[in-house]
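Everything on this sheet refers to the single structure shown next.
It should be emphasised that the depicted structure is a prediction, and the values quoted were computed from it without experimental measurement.
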Amino acid sequence: MNANVKDYSPSQSLGRATALGVSVVLAGLLGASGGAVAQEAATGKSFIETFDTLSASRWFISDGWDNGKHQNCTWSKEQVKVADGNLVLSFEKKPLKNRDYSCGEVQTKERFGYGTYEARMKTGTGSGLNAAFFTYIGPVHKKPHDEIDFEVLTKDPSKVQVNAYVGGKSNDEKLVDVPGGADQGFNDYAFVWEKERLRWFVNGQLVHEVTEPSQLPSHPQKIFFSLWGTGTLSEWMGRFTDPGKPVSMAVDRVAFTAPGEPCQFEGSVACTLK
């Protein structure tokens with residue numbers, strides 16, 4: 001963690017739970033506020049970003065730290081760029097700080113509440129890497145660890161893992177198919193977060209749903225995109241192998257639509273919700 005802790009980023013699943021285990025304790029102290037009260041902290045409004053540029057008013061670039069021993073790369077602004085209308089995050093062998101590899105991540109400056117979250121992206125491949133579109137809030141923000149995930153474990157880009165955390169506890173994670181593969185072209189990933197349910201969609205098709213109240217996040221969260229690697233979480237992400245060249249993920253579009261507001265683009269999941 002660097003000194004700028006307000007912008008510290010989490011690591012995914014097993015690594016995230018290890019790095020932020022204190023969130024379970026904080027959840028007991030802070031989680032009693034309830035969803036309605038917690039949502040008052042949301043400041044993010046509906047938007048669509050097509051990455052002709054990277055808006056400095058919306059996005060913070062993680063730079064100069066890592067998230068723990070499980071992560072074998074250091075976040076670097078040099079691994080974040082905009083090219084051909086895409087946000088491009090990369091992982092490559094470029095020593096930085098106490099890691100042999102550098103990796104890329106961006107996060108929104110504002111926090112978002114209930115609504116529809118959508119991203120269109122594709123990934124490279126490589127064992128031991130994780131390409132993620134997710135939302136997160138946690139102890140570093142003086143909140144319980146709540147989170148909603150799409151994670152492509154690039155050892156097998158035919159699938160994407162969907163998951164949510166409440167108070168630092170992982171709930172009902174599932175691997176779902178990505179038709180044609182996450183690495184062969186752009187795919188649309190969306191989740192619809194409501195007080196009573198949480199639904200995940202891949203290319204417009206419902207792939208998972210959670211309605212159990214104890215498994216539903218309630219605290220407004222930041223939106224993240226990240227590509228990172230591990231040298232330790234081999235059971236989950238695969239044994240790390242040096243890819244021998246930079247690996248990248250590209251994000252063509254991201255959108256957030258608040259409940260009751262017009263959908264942000266044609267074909268959006270938010271256009272069809274009832």
Side-chain angles (χ1 to χ4, degrees), residues 10 12-13 34-50 58 107-108 110-122 131-138 143-152 159-167 169-179 182 186-226 251-274:
Q12 281 67 34
S13 289
V37 175
Q39 287 286 311
E40 293 177 1
T43 57
K45 308 298 183 182
S46 297
F47 76 92
I48 181 169
E49 180 94 63
T50 56
R58 176 170 291 134
Q107 52 184 286
T108 56
E110 292 189 295
R111 305 175 189 184
F112 297 80
Y114 298 133
T116 302
Y117 296 72
E118 303 177 85
R120 181 169 176 80
M121 67 183 199
K122 67 177 179 179
F133 158 48
F134 63 102
T135 57
Y136 166 82
I137 203 72
K143 296 291 181 182
H145 175 182
D146 278 6
E147 183 176 334
I148 305 170
D149 298 327
F150 275 104
E151 297 175 289
V152 178
K159 299 183 182 298
V160 63
Q161 181 174 292
V162 299
N163 193 23
Y165 283 73
V166 176
K169 181 179 178 181
S170 175
N171 294 299
D172 199 24
E173 66 185 37
K174 182 180 179 181
L175 281 171
V176 300
D177 292 333
V178 179
F186 284 92
N187 290 276
D188 294 301
Y189 305 89
F191 63 83
V192 182
W193 179 24
E194 300 168 293
K195 184 177 180 180
E196 296 82 14
R197 63 178 172 176
L198 177 58
R199 291 173 284 171
W200 288 262
F201 298 78
V202 175
N203 295 327
Q205 300 299 309
L206 178 66
V207 295
H208 192 44
E209 182 173 5
V210 172
T211 57
E212 167 58 43
S214 66
Q215 297 181 0
L216 295 171
S218 60
H219 295 84
Q221 303 170 43
K222 293 185 175 187
I223 301 170
F224 288 75
F225 292 97
S226 66
V251 185
D252 176 62
R253 176 182 64 220
V254 60
F256 168 75
T257 307
E261 296 197 359
C263 52
Q264 301 298 299
F265 59 93
E266 185 177 355
S268 164
V269 166
C271 301
T272 63
L273 292 178
K274 296 181 180 180

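Checked against salt bridge (charged side-chain N to carboxylate O under 4.0 Å, His left out), K122 has no partners two or more places apart in sequence or in another chain. Shown here are the side chain to side chain donor-acceptor pair (under 3.5 Å) partners of T135, two or more places apart in sequence or in another chain: Q221. For the ring-ring contact (aromatic ring centres under 6.0 Å, His included) test, residues two or more places apart in sequence or in another chain that qualify with F47 are F112. In terms of the side-chain contact (heavy atoms from CB on, under 4.5 Å) criterion, residue partners of T43 (sequence neighbours excluded) are, by chain and number, E110. Annotation: ring-ring contact (aromatic ring centres under 6.0 Å, His included) contacts of F225 (sequence neighbours excluded): F133. Not counting sequence neighbours, the partners of R197 by the salt bridge (charged side-chain N to carboxylate O under 4.0 Å, His left out) test are E194, E209. With sequence neighbours excluded, the residues forming a side-chain contact (heavy atoms from CB on, under 4.5 Å) with Q215 are N171, D172, V210, E212, listed by chain and number. Residues forming a side-chain contact (heavy atoms from CB on, under 4.5 Å) with K45 (at least two apart in sequence, or on another chain): none.
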What donor-acceptor contacts under 3.5 angstrom involve side-chain atoms of residues 186-193, with partners at least two apart or in another chain?
{"from": "N187", "atom 1": "OD1", "to": "N203", "atom 2": "ND2", "distance (Å)": "3.0"}
{"from": "N187", "atom 1": "ND2", "to": "G181", "atom 2": "O", "distance (Å)": "3.3"}
{"from": "N187", "atom 1": "ND2", "to": "G185", "atom 2": "O", "distance (Å)": "3.2"}
{"from": "D188", "atom 1": "OD1", "to": "R120", "atom 2": "NH1", "distance (Å)": "3.3"}
{"from": "D188", "atom 1": "OD1", "to": "R253", "atom 2": "NH2", "distance (Å)": "3.1"}
{"from": "D188", "atom 1": "OD2", "to": "R120", "atom 2": "NH1", "distance (Å)": "2.9"}
{"from": "W193", "atom 1": "NE1", "to": "P217", "atom 2": "O", "distance (Å)": "2.9"}

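Sorted by first and then second residue, the side-chain hydrogen bond (donor to acceptor under 3.5 Å, both in side chains) pairs involving residues 262-271 (not counting sequence neighbours) are E118-S268.
Shown here for A42 and P220, the closest heavy-atom pair between the two residues is N-CG, 3.5 Å. Taking all atoms of both residues into account, the shortest heavy-atom contact from L273 to R199 is CD2-NH2, 3.8 Å. In plain terms, the two heavy atoms of L198 and A164 that are nearest each other are CD2-CB, 3.8 Å.
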